[in-house]
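Protein chains get the first letters and strands the later ones, always in sequence-line order, with residue 1 at the start of each. Basis for what follows: all heavy atoms, side chains included, without hydrogens, waters or symmetry-related copies.
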Amino acid sequence: AQSVTQLGSHVSVSEGALVLLRCNYSSSVPPYLFWYVQYPNQGLQLLLKYTTGATLVKGINGFEAEFKKSETSFHLTKPSAHMSDAAEYFCAVRGWGSSNTGKLIFGQGTTLQVKP
Amino acid sequence: EAGVAQSPRYKIIEKRQSVAFWCNPISGHATLYWYQQILGQGPKLLIQFQNNGVVDDSQLPKDRFSAERLKGVDSTLKIQPAKLEDSAVYLCASSARPRVVEAFFGQGTRLTVV
């Protein structure tokens with residue numbers, strides 16, 4: 001079974017500051033990991049994903065995340081926050097293998113506020 | 001390429017009424033998901049279809065919720081009768097195959113039950 005915990009339901013940063021959104025997962029099989037962003041009254045947009053291979057994953061809008069198996073973490077970072085980054089961010093995990101149905105397990109979300 | 005289409009975008013109903021949501025996935029996508037997103041929570045899978053067959057409906061409240069995907073293309077999710085706790089955003093997503101990594105989401109339908 002898989003689960004996701006996002007540490008901090010609200011994160012506030014100043015424009016130009018580092019963004020760090022934390023995600024820890026639990027999975028009995030090697031995980032596929034995702035970060036999605038949700039703007040108000042919109043659906044979910046994929047920011048980046050980890051499947052296999054390189055553990056540092058780069059996504060859209062300058063975001064990146066590093067898969068750390070030993071820490072069961074997949075934290076999302078961006079060196080310099082922009083006002084347009086203000087949104088809700090969701091970390092998700094998905095199992096793989098013969099029993100994989102493609103179902104995503106989401107964390108509870110982190111609201112990112114960017115102050116001018 | 002057109003994205004996942006959902007309608008309506010917003011719906012307000014009284015408790016005990018019925019409501020239906022429609023989803024048209026990306027063309028050619030065999031796998032379709034319905035997720036429920038309650039305010040302040042992450043999305044939770046309600047039901048997954050592979051073509052017109054159900055793969056996972058373990059978290060679907062079957063006494064009031066039903067879904068179908070006739071002909072393996074578009075899908076309808078119904079609630080009858082609605083309860084206050086059904087107020088949520090209902091998201092539809094699709095992927096080319098279940099083991100294809102990326103799922104694409106629609107904009108969702110925001111349901112308010114009063």
Subject >> A/I60/A/Q45 under side chain to side chain contact (heavy atoms under 4.5 Å, CB included): CA gap, chis, key distance, verdict >> reply: CA-CA 10 Å; A/I60 62 171; A/Q45 180 183 7; 3.4 Å; yes
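- Within the 4.5 angstrom heavy-atom criterion, no atom of A/E88 approaches chain B.
- There is no side-chain donor-acceptor pair under 3.5 Å between B/Q41 and A/Q108.
- Residue contact with chain A, scored on non-hydrogen atoms closer than 4.5 Å, involves the side chain of B/Q37 exclusively.
- Residue A/L46 touches chain B through its side chain alone, counting heavy-atom pairs closer than 4.5 Å.
- No donor-acceptor pair under 3.5 Å is formed between the side chain of B/S94 and the backbone N or O of B/L32.
- Judged purely by atom type and a 3.5 angstrom limit, B/R64 uses its side chain to pair as donor or acceptor with the backbone of B/P81.
- Interface summary for chain A: among B/C92, B/G108, B/G42, B/G106, the most heavy-atom pairs under 4.5 angstrom belong to B/G42.
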